[in-house]
Amino acid sequence: MTAATAVRPAGERAMRARRRGGAGPARHFRRYWQLWVMVAPAIAFVAVFAYVPMYGLQLAFREFDFTAGITGGDWVGLKYFHQFFESPQFWTLIRNTVVISVSTLVVGFAAPIGLALMINQVVGRRRRKFLQTATYLPHFISIVVIVGMLQVFLSPTSGLITRFAALFGVEGANFLGSEAAFVPVYVISDVWQHAGWNSIIYLAALSRVDPQLYEAARIDGAGRFSIVRHVDVPALVPTMIVLLILNMGNVLNTGFEKIFLMQNPLNLGVSEVIATYVYKIGILANQFSYATAIGLFNTLINFAFLLIANQIAKRVSNTSLW
Amino acid sequence: MTGPITALRGNTPGDLVFKLVLALSCGLVLLVAVYPIYFVVIASVSDPTMVSTGQVWLAPRDISWFGYEQIFADSRIWNGYRNTLLYAVVGTALNLLVTMPAAFALSRREFRPRRVLMFFFAFTMFFSGGLIPMYLLLRDLNLLDNWLVFILPSAVNVFNLIIARAFFEYSLPDDLHEAASIDGANYFQFFLKIALPLSMPILSVIGLYYLVQHWNDFFTGLVFVRDYSIQPLQIVLRDILISNQAFSGGAGGAGGAGAGSYAQQYADQIKYGVIVVSTLPVIMLYPFLQRYFEKGVMIGALKG
């Protein structure tokens, strides 16, 4: 009885393997070892530099021990999470992070769509190309240079934009040293840098619109504006949804570098976000366990948002990432 | 592509308004996108006083090379430039060497484990260990303050891997591989002799993505490196543009409140020059490769 049950599955497996024309892993490796060789270095790099740090997340639940390294010392449970939730900075950090990322998300999401709809209306190949090239260009400028440009343009004494603002009665404004101006400056410069580049994906979607739809709309007496409104915009909806889901996964992911570089004592009240705080607590102040816990909290919230957005999109429109 | 729209050119009053609004907004967008860059270029060669009093806005005035002279005499910039060039070239070579074969292997439909492997790669786009575990890992690997930290951890960018895989799936029909294997080609030969020569557009796109990524990398130097002699250009730029560190010639530092607007003017001119010198290489490469870029993004969009 026991012998029979032990033998049967093995026999079945062998039969299935024979039907497929191979004997399991050995056969697979004999046939595909070259593909494995090709993919192995990438697996190794990702395993070491992405998965080992994930393994190291247990540090958030342990006391950091200099001699023990990445896995840490004694277990302390949720101590560091409690410490974070109860710290006076907690709500400020959450508020700052959400305000910056949601404003970037909303404005940064709408701008490329508008730009793509506009560029798509331009008649003449060369004019379009020129407009596209000009709007993509800032995408390749480094963040350090972008913030450097903001500093010279927004300099209270001699900045180009400060002087332009003075024409409208705003004299000697210090845009970089003000809490009220921080988020607008951050968001507007972000749109300036990336809207053109991000419009490519929408332009690609617009180029796939069936020309017959335009003709049909024209015959129905639609003007150009209503063609944009009723043909082009609906054509972009699936792309919008996919990008919106992807962006939702970044609700608590603000660009560390740009915020860090724009920070100064005058705007720190609104510019200290989770990412910059983790850097200061962890790298500069060496509180490794505490900083890991804050970082893990951040990652988990983002991951949850991504899953929720994906589920909602799946229900509402049948468009989803997986 | 412009066909249908040209054919539909209308003459109703509404369409005339539409055209007018379109032309105005295009002009405005163009101005906003290009003018800041143009201004930086003309300001970098104009007399600093003219710039700071607002007399330079269409063309350079009273040409002055003071800023560039200071920059060329400053060893920090050239040291950073040399480091960045090294990291960008070696790093991009490694990136392509690792990414392209992996993308090819993952594009083969008959390769069953590819679904699991794709999940293994894609998962890291949405979940990560974060800053501190990464820092401790690099410390344990002796990569802190080591120039390899600019190259090894960023060897694979999963987004680029997915784009390249999509390209291979799309551009290498199964028949092609069948034909090649009948001729006795194995996977290595098929990849080197057929797949790679066909994939020059994607190779340039991915190569340039990686190159720009290395060129603009500021984070690695900030967090993982203390030794100034191996710091890349972006760290040097931060010190000059944002932290207002003084130049060897004494000019450039904002110099506190007492230094007044005279020092500030010269500091600004150096900044304009530094922006031009550091950004030019990337911007100049870009128009040549623009059509490839778009192709890359579109393939990513189709499959992503």
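Note that the structure is a prediction, hence the values are computed from the model and not measured. Chain A is the first sequence line, chain B the second, and so forth, proteins listed ahead of strands; every chain is numbered from 1.
Contacts of A:Ala47 with chain B are made by both backbone and side-chain atoms, with heavy-atom separations under 4.5 Å. Contacts between B:Ile242 and chain A at a heavy-atom distance below 4.5 Å involve backbone atoms as well as side-chain atoms. Heavy-atom distances place both the backbone and the side chain of B:Phe120 under 4.5 Å from chain A. Interface remark: A:Val48 contributes backbone and side-chain atoms alike to the contact with chain B (heavy atom separation under 4.5 Å). At a 4.5 Å heavy-atom cutoff, the contact between B:Leu106 and chain A is made by side-chain atoms alone.
With ring centers used as reference points, A:Trp33 lies under 6.0 Å from B:Phe188.
No donor-acceptor distance shorter than 3.5 angstrom exists from the side chain of B:Tyr187 to the backbone of A:Arg31, with no hydrogens or angles considered. At distances below 3.5 Å, not a single donor-acceptor pair connects side-chain atoms of B:Asp15 with backbone N or O atoms of A:Gly223.
Contacts with chain B were tallied for A:Thr135, A:Val39, A:Leu35; A:Leu35 has the most, counting heavy-atom pairs under 4.5 Å.
Note: B:Phe111 and A:His28 have parallel aromatic rings, judged against thresholds of 30 and 60 degrees for the angle between ring planes. Using cut-offs of 30° and 60° on the angle between ring planes, the pair B:Phe127 and A:Phe303 is perpendicular.
The one candidate from B:Leu141, B:Leu137, B:Asp140 that meets the side-chain contact (heavy atoms from CB on, under 4.5 Å) condition with A:Val52 is B:Leu137.
Of all residues spanning residues 213-220 of chain B, those with a heavy atom less than 4.5 Å away from chain A's heavy atoms are B:Asn216, B:Phe218, B:Phe219, arranged by number.
For the pair B:Cys26 and A:Arg127, the minimum side-chain heavy-atom distance is 4.5 Å or more.
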